[in-house]
Amino acid sequence: FFFQAEDGIRDSSVTGVQRVLFRSLVGVLAYATAGPDPVTAFAPVLTGFREALQGQSLTPEQVEEVVTGLAASLPAASLFLALGGTLLLGYWWWSVASGGPGLGAEFRRLKLGRWLGGTATLLIVLGVAFGAPVVQNLLPLAVLGFLFQGLAVAHAWVHAKRWSPAVLVVLYVLLVVSPATMAVAVVGLVDNWLDLRKPVRSAA
């Protein structure tokens, strides 16, 4: 599997992000099959999160429901963010040292492509339709993959249209304080099949 650049050329940095996502899928699948219960493995994190929720206007049942959902997504999110963060930091250092393409330019080209995008789309459909633990453990990776692609779309449009960087600042704030994550992920999913960056490709 390879990420596809906007012009269809296989690009080393973009391919690296794709490989991180693919390996994370394999890793989470292995964890879901033979790993420990995430409620046990991430007990300290979940305990702190549970205590924070208990201060809100939620019933004990609602708190446990939220904590259980968080536990199911932690293996995927932890693995993907750890590997992805290492990759992005390494690429940034490489681009600075070698004078290669900047991280921003490469990020604006990020796209899952036909095979990985199809796999992620299928996982989202299955995740909505079925509650099987394996599917629910893999679902966060599909959402994260399309979230990154949605952010790449936003960066490409802001760069091409020369909009204020404040637009991106507002977007990232909304990701933290509102349920905007799924909306951006949907943008990434749509872009994977309909190419939302085509109108600004030459400028981006």
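Side chains included, hydrogens not; waters and symmetry mates left out as well; all remaining heavy atoms used.
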May I ask you to decide if [Y]'s main-chain N or O and [X]'s side chain share a donor-acceptor pair within less than 3.5 Å?
X    : Y    : value
Y31  : P36  : yes
Q62  : T59  : yes
W157 : A152 : no
R197 : R108 : yes
Q149 : L110 : no
N192 : R114 : no

Could you tell me the separation between the [atom1] atom of [X] and the [atom2] atom of [Y], rounded to the nearest 0.5 Å?
X    : Y    : atom1 : atom2 : answer
L25  : N137 : CG    : CG    : 11.5 Å
Q136 : L139 : CD    : CG    : 5.5 Å
L79  : L141 : CG    : CG    : 7.0 Å

Give every residue pair that meets the ring pair (Phe, Tyr, Trp, His ring centres under 6.0 Å) criterion with at least one member in residues 164-185, sequence neighbours excluded.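 Applying ring pair (Phe, Tyr, Trp, His ring centres under 6.0 Å) to every pair that reaches into residues 164-185, excluding sequence neighbours, yields H155-Y172.
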Are E64 and E61 close enough that some pair of their side-chain heavy atoms sits under 4.5 Å apart?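 Contact flag for E64/E61 side chains = no.
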Could you check whether any side-chain heavy atom of I124 comes within less than 4.5 Å of a side-chain heavy atom of T121, counting everything from C-beta outward?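 Side chain of I124 against side chain of T121, heavy atoms only: no contact under 4.5 Å found.
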Return the minimal non-hydrogen interatomic distance between A72 and P75, and the atom names on each side.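 Here A72 and P75 meet closest at O-CD, 3.7 Å.
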Give a yes or no on whether a salt bridge exists between K111 and D191, defined as a side-chain N under 4.0 angstrom from a carboxylate O.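 D191 and K111: not salt-bridged.
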Going by side chain to side chain contact (heavy atoms under 4.5 Å, CB included), name the residues that satisfy it together with L70, two or more places apart in sequence or in a different chain.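 Only L46, F49, S73, L74 meet the side chain to side chain contact (heavy atoms under 4.5 Å, CB included) criterion with L70.
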Keeping to residues at least two apart or across chains, list the salt bridge (Lys or Arg N to Asp or Glu O under 4.0 Å) pairs with something in residues 137-155.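 For residues 137-155: none.
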